[in-house]
Amino acid sequence: MGLASFSFSGRSNRTPESPISYFMEQAIENPNLISLAAGLVDTDSLPVKAVADTMARLFADPQTGKAALQYGTTQGYTLLREKILQHVCNLDGVKPEQLNLTAQDVVVSTGSQQLLYLLSEILLDPGDIVITEAPSYFVYHSVLASGDVRVLTVPMDEEGMQTEELARLLEQLDRAGELHRVKLLYVVDYFQNPSGRSLSPERRKELLNIVRRYQDRQRILILEDAAYRELRFEGDDWRSIKSHDTGNEFVIYAGTFSKPCAPGLKTGYALLPSELIEPLLRLKGNHDFGSNNLSQYVLNALIENGAYHEQVRYLAGVYRQKRDAMLEALEREFSDLPGTHWTSPRGGMFVWLTLPEDINAGPSGKLLKECIREGVIYVPGEFGHVGKPGTRPTNEARLSYGDASIEKIHEGIKRLRRAVETVRRGEKKKERVAVAAS
Ligand SMILES: Cc1ncc(COP(=O)(O)O)c(C=O)c1O
């Protein structure tokens, strides 16, 4: 007798395979491959000693140790929530009262990824609209795809999302009678994944002004994903969009301890309008009724004993050196190639490389195959764009200096250039054959 196949849910069928799993597999299968693809943080900088000492101290007191090993609350450890609130307000130079915020408006999550997911679940129905930057964080696109949500995009320039274009898009949607479907505006406004760009201070305020224009008819929330904010190694820290939302009405600020501390602790958080807390916690209750309690105790202690802030300061130096190495290597290898340019991030861990238009750097293009042969890998920029294949730019790449050593960054960019040359020679040869045949 045969065995009937499973019938998966619509959500499951709509959820695309993570493009990153392919890159992880490649890196594991081929240890000589230099990965400029993985979004991993710098392994050598992970705060092993600080976490070991902090944990030893936590467990030296049996009461605290037991509390940390017990279930926590769905919303998160109160002392940590208080510290998070103070921490974000300190970054912004404001007091929580000025933003109408208390620790009751803070939720701790299993990484900020869980937060992005849960927020989408409580706010979005199939057919609703989320507006993002182009390019944007592709894992979030995948969350939206699984919920059958429409993603519309606004182009970026060196100052981040082009707010004039956003205003135009919203006017268009309003005229088309679709304003009521626009629920979220998603921006990664500090050293964006994937482009490395940040949203300028003027545009931060402008974004809020734009959503306020519609406030009596449609509450459009801004989801400010500040995942890379603290990995800043150059320039001033720009105030968050949240810091301008004085009534706590329009902006959800999502942060994480993964990038500035340790992704293994998998702890993120959000500061959000009070009306969202209850529905969010009901859903989170169904998911896990609380994130890893031990991680929350460890983070609370790391902030309290100063080790967290020390780590953030230390990381800034490490990532600056790695950014410098990548920019030097790009300058050396690519400055003679017309049509090529790249971003110069002032924080975070990504550089966005744009190649000449005739070079297909997409997942099924020649460059990626050639790169794997040369022993280097990047994330095709195509993943950061939405729309059907064929409509997305294919000549872009996300290059990460997160985990690769300085030597590997130099060697990786050298290999990338060699791969580009091989692909270009191949294209020229094809052209010559075509001319000869015509
Ligand atoms: C822009 C952005 N947001 C959110 C996340 C989620 O990180 P985590 O769940 O580890 O906090 C990431 C991870 O790479 C990211 O790049």
Side-chain angles (χ1 to χ4, degrees), residues 39 41-42 84-85 87-94 99 109 111-113 115-116 131-140 154 156-163 166 184-208 221-245 250-261 263 267-272 308-309 311-313 315-320 322-323 326 342-352 384 398-402:
V41 303
D42 185 62
I84 288 169
L85 179 61
H87 174 56
V88 175
C89 286
N90 287 346
L91 291 176
D92 281 323
V94 292
L99 303 182
S109 53
S112 52
Q113 188 65 36
L115 221 124
L116 300 183
I131 300 176
T132 73
E133 300 141 325
S136 180
Y137 175 43
F138 47 83
V139 185
Y140 186 53
V154 174
M156 299 177 90
D157 58 23
E158 291 315 307
E159 289 183 50
M161 180 186 268
Q162 295 180 7
T163 39
L166 170 69
L184 270 184
L185 192 58
Y186 174 71
V187 284
V188 183
D189 57 343
Y190 295 92
F191 324 118
Q192 193 217 30
N193 177 5
S195 73
R197 297 183 186 117
S198 297
L199 189 67
S200 70
E202 295 70 32
R203 289 192 184 171
R204 286 164 188 269
K205 289 188 216 154
E206 186 51 19
L207 224 54
L208 198 55
L221 285 160
I222 298 173
L223 174 48
E224 177 176 25
D225 182 341
Y228 297 89
R229 178 178 192 177
E230 288 168 74
L231 296 187
R232 176 176 53 86
F233 41 72
E234 210 171 83
D236 295 330
D237 185 22
W238 290 339
R239 277 181 60 169
S240 65
I241 309 171
K242 181 76 205 157
S243 73
H244 301 291
D245 181 25
F250 296 102
V251 184
I252 300 157
Y253 180 99
T256 179
F257 291 107
S258 290
K259 316 294 171 179
C261 190
T267 303
Y269 55 88
L271 278 54
L272 63 175
Y308 173 76
H309 288 93
Q311 173 69 8
V312 172
R313 271 194 300 277
L315 279 182
V318 171
Y319 284 111
R320 176 201 283 270
K322 297 176 105 184
R323 187 276 318 253
M326 185 166 275
W342 52 89
T343 56
S344 300
R346 301 186 314 148
M349 49 203 216
F350 304 112
V351 169
W352 188 247
R398 186 192 80 175
L399 305 176
S400 169
Y401 47 84

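Because the structure is a prediction, the values reported are computed rather than measured.
Rounded to the nearest 0.5 angstrom, Gln192 CD and Ser136 OG are separated by 5.5 Å. Taking CZ from Arg197 and CD from Glu158, the interatomic distance works out to 5.0 Å, rounded to the nearest 0.5 Å.
A heavy-atom distance below 4.5 Å is found between the side chains of Arg346 and Phe191.
A donor-acceptor pair is defined here as one N or O able to donate and one able to accept, closer than 3.5 Å; no such pair exists between the side chain of Glu224 and the backbone of Asp189. Without hydrogens or angle criteria, Tyr190 side chain to Gly348 main chain gives no donor-acceptor distance under 3.5 Å. Here the side chain of Tyr269 pairs no donor or acceptor atom with the backbone of Leu115 at under 3.5 angstrom. Side-chain atoms of Arg204 come within 3.5 Å of backbone N or O of Leu199 as a donor-acceptor pair.
Remark: Glu230 does not engage Lys259 in a salt bridge, criterion side-chain N to carboxylate O under 4.0 Å. Salt bridge annotation for Lys242-Asp92: absent, with no cationic side-chain nitrogen under 4.0 angstrom from a carboxylate oxygen.
Legend: residues meeting ring pair (Phe, Tyr, Trp, His ring centres under 6.0 Å) with Tyr186, ordered by chain and number and at least two apart, are Tyr140.
Using bins of under 30°, 30° to 60° and over 60° for the plane-to-plane angle, the ring pair Phe257/Tyr308 lands in the perpendicular bin.
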Can Ser243 and Tyr253 be said to form a side-chain contact (heavy atoms from CB on, under 4.5 Å), step by step? CA-CA 9 Å; Ser243 73; Tyr253 180 99; over 6 Å; no
